Asks: 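Dumping the structure here so I can ask a few things about it.
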Amino acid sequence: MSERRKQFPFPDFESKWQQLWLERQTFHAPNPYEPGFDPPKPKFYVLDMFPYPSGEGLHVGHLEGYTATDIIARYKWMKGFNVLHPMGWDSFGLPAEQFAIKTGLHPSVATARNIARFKSQLKKIGFSYDWAREVTTTDPGYYKWTQWIFLKLYNSWFDPQKKAARPVDDLISRRRLEFPEESDDERRDFVDRHRLAYVTEAPVNWCADLGTVLANEEVLDGKSEVGGFPVVRRPMRQWMLRITAYADRLLDELEPLDWPESIKILQRNWIGRSVGAQAMFSVCDLNNVITVFTTRPDTLFGATYMVLAPEHPLVDQVTTSEQRAAIEEYRAKMATKSDLERTDLAKEKTGVFTGGFAINPANQEKIPIWIADYVLMSYGTGAIMAVPGHDERDFEFAKKFGLEIRYVVEPPVAVESYFTGEGIAKNSGFLDGLPTPEAKSKIIDWLEKQGSGKRFTTYKLRDWLFSRQRYWGEPFPIVWRNSRHEALCESDLPVVPPPLDDYRPTGTIEPPLSKAKAWIRLSDGATRELNTMPQWAGSCWYFLRFISPNEANRFVDEDAERYWMSGNEAKNRRRGGVDLYVGGTEHAVLHLLYARFWHKVLYDLGYVSTIEPFHRLVNQGMILGQDNQKMSKSRGNVVSPDEIVEEYGADALRLYEMFLGPLESTKPWSMSGVEGVYRFLARVWRLVIDENQEGQWQLSSCLGTVQLSTKQQKVVHSTIKKVSEDLESLSFNTAIAQMMIFVNEFTSAEIRPVEALRTLLILLCPFAPHLVEELWWRLSASFAGFEGMACEQSWPVWRDEFLGEEEVQIVIQINGKLRDKVTVRKDLGKEELEQVALASMKVQEATRGKSVRKIIAIPNKLVNLVVH
RNA sequence: GCCGAGGUGGCGAAAUUGGCAGACGCGCCAGACUUAGGAUCUGGUGGAUAAAUCCUUAGGGGUUCGAGUCCCCUCCUCGGCACCA
């Protein structure tokens, strides 16, 4: 096929226009105070999720979002906006390093090569990126500022009163005032416990095959998200970021964002705010209490036993000597099991009695304390009060081990076994007769008065495990001295990783950086932190660096940040952010949550002007292979953009990416579909260009400057309207369909009015920019109105008076079924419509011998006769 | 199990406030032009039927003059979470 002559000569002109756009800096957006900056112009920041440059290159799935944003960017330029549309590379992190290990190439070499490959692929598609703003997370000039932001996190704490991050210095001086007698070391310990970036020894997700720990978000079903290797829990000393401090703000400030509701729900579920109470149970014969969290404090009188997680610190003390052997056996069994195995056993409840008892604070009854793996150490307090009458899990456990079941809530309709809904309290002393919400509130008040409980909110969200035992990541700007961590000065940034030849995992928990003996030791005896940051670090703020990628003195230029991130509502400029952010759902709880967290910290400390980074978010759907399966190398169904550009051209690729269906939905690729839009582009070409006897392309002889017919006028203006409106709602597929209708209409015209073609070319320009520029340029040789480049024309405006006709077709129904169609004057009144309908021959036939009960007439639409 | 998104011709899909179901494209069929067609142009194309007509938006019920669209139930597909107290 490639031997065949192309239907239009895209190979001759695509690179020509790409070069011209570059040379003339057509899509360079000036910042405030820069030459060419035009203050009255509105701004528009349209952003893609930047890729990590893998060795595989791009496939057509990546390009769907990129094409959509490019069309919007070009459209906004034509609408008179100053458009920020940048691209860069998320080049640190596990995938890049795994690839490097596989191929034996140093990550820096492989990364540079992959970036070059990705960039040339993107350039061939004619995206209007402002390449002067390109950023690379592995560039020292970039990660200097990633490290700088880490220092801000390290040197801040979360003030619960203000619900905001504040410099840790404030905390130190405050502490000094409050506890003047405290030693420096004690004060440091206190401060270190409050930093937003802190070190802790905690059970973490260790993946031996990857040689690193992983964040909760990176572990799926007990396996690593990258590679699918087994992950086990083990205690290790790690860096954490205190994202949990922001849980409420991450939830509440999510509400006003223009994001898909489904993504908001994913984030809400991940944060998992749960409102209830803590209650304290004293342990019999021990001077100790077990604190539990419950969302149903109203069922306290129904708590007939307690369960501790096997790892709970009080298990040892509670266990009696008779039960110790059984408890130890159970705990040992649990310790060897991975999280996956533990949840797999979920079908059948297991557990062991500790021999110990606690006192139910509500009724002073003695209740047994068990341990069971259905109680998780990582949630709530790691201990529960079991209410088998009103909780499914407690019910199953109580049934299995013959524990007492007591019902304390009367359900609205009688149920067997257990009832988890709301009802009326019973068998609950002073709560009896109260509906659930009132009972909850009353028992909490009572607990608080007794000093044995309080209102409490728990979250599923855990602090963010921020260190990795990897080579290819940002080094921490931290050194250790006398087993204490210390921040480096800003002037020491960037901390550049040592040029290791052997950067593979060590096979132990020691990070690869431990191999760089000389790099580790500083002259003053301090040693460097050996962990590196996770992949997500660089992507937490890249959208800010795009604003001023070469700024040397600050992570982002202040004026430029205020300009590009500002909201469009004058009344609330804090409600700003990127105007349109397009990317896949896979980042719903990882990147999008982390980036929001960093942004809020930067906002609190006064470094950025908006509380949220991304005002409007759109998720593009996945593109499946032609076999309806997920595109993957192993299935052999990957479609590369290179072959499409070669065969059909960049414009056909762009157009098909948008024509195959709505942006948000999952849909399969089809090669014959590509041919379809390719044929459409060829029809546009032939609308303007003919082939002469010698086989050369020349302007068509059918072109002319003639008056448009009413019908043509209507097609032109309804196309302007449809394309404009569909672009605003990102309905690219239907916009293209309308342009096809336009072309079908004018293909059959004897003389093709140049004015109409000019409008079509402008509308098509954001979609198929190369073809349009070429035709525009060729037309400019013989016709007026084609000065400059097509992409610099202003967007056309439709006029309603050309949309309508004097006559409209009216549908006549009998009992809701279509019986006839008539053409009448537009806006004909109801009474006249009824007369017209009754006069119809078909209606008279159908209603003969029957009575017309009712007539519904909707002007310009239909008449429905109800007949018996 | 829970939460979310979906289910419309042979295929990808359209369808303001409920108002002609299937726009547009692919595929298929026929014709034209051609030495030729895997190019192009023109016409046709949801299903059943000889036809008038009837049926048709996963399935069932409901509201309505009128339902792809609103309400209730069931089934299926995809995505997320998963003993979260």
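Small disclaimer: the values here were computed from a predicted structure and weren't measured. We name chains A, B, ... by the order of the sequence lines, and we start the count at 1 in each one.
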Asks: Ring centroids only, cut at 6.0 angstrom: are A:Tyr678 and A:Phe8 within range, meaning strictly under it?
Replies: yes
Asks: For the backbone of A:Phe301 and the side chain of A:Asn360, can you confirm whether one donor and one acceptor N or O come within less than 3.5 Å of each other?
Replies: no
Asks: Using the C1' atom in both, what is the distance from B:G79 to B:U74, to the nearest Å?
Replies: 22 Å
Asks: Going by modelled atom types, is there a donor-acceptor pair between the base of B:U17 and the side chain of A:Lys861 at under 3.5 Å?
Replies: yes
Asks: Pull up the glycosidic torsion of B:G7 and say syn or anti, syn being anything within 90° of 0.
Replies: anti
Asks: For a ring pair (Phe, Tyr, Trp, His ring centres under 6.0 Å) check, start with the C-alpha distance between A:Tyr305 and A:Phe397, then their side-chain angles and the critical distance, and finish with the verdict.
Replies: CA-CA 10 Å; A:Tyr305 65 101; A:Phe397 193 80; 5.7 Å; yes
Asks: With nearest nucleotides of RNA chain B determined for A:Tyr459 and A:Thr585 from heavy-atom distances, which residue corresponds to the more 5′ nucleotide?
Replies: A:Thr585
Asks: Taking the C1' atom of each, how far is B:A15 from B:G80, in whole Å?
Replies: 30 Å
Asks: For B:G6 versus B:A58, give the span between their P atoms, rounded off to a whole number of Å.
Replies: 14 Å
Asks: Ignoring hydrogens and angles, answer whether the base of B:C65 and the side-chain atoms of A:Lys854 contain a donor-acceptor pair closer than 3.5 Å.
Replies: no
Asks: If I pick the C1' atom on B:G60 and the same atom on B:C75, what distance separates them, to the nearest angstrom?
Replies: 10 Å
Asks: On RNA chain B, check which nucleotide each of A:Lys667 and A:Asn269 is closest to and give me the residue with the more 5' one.
Replies: A:Asn269
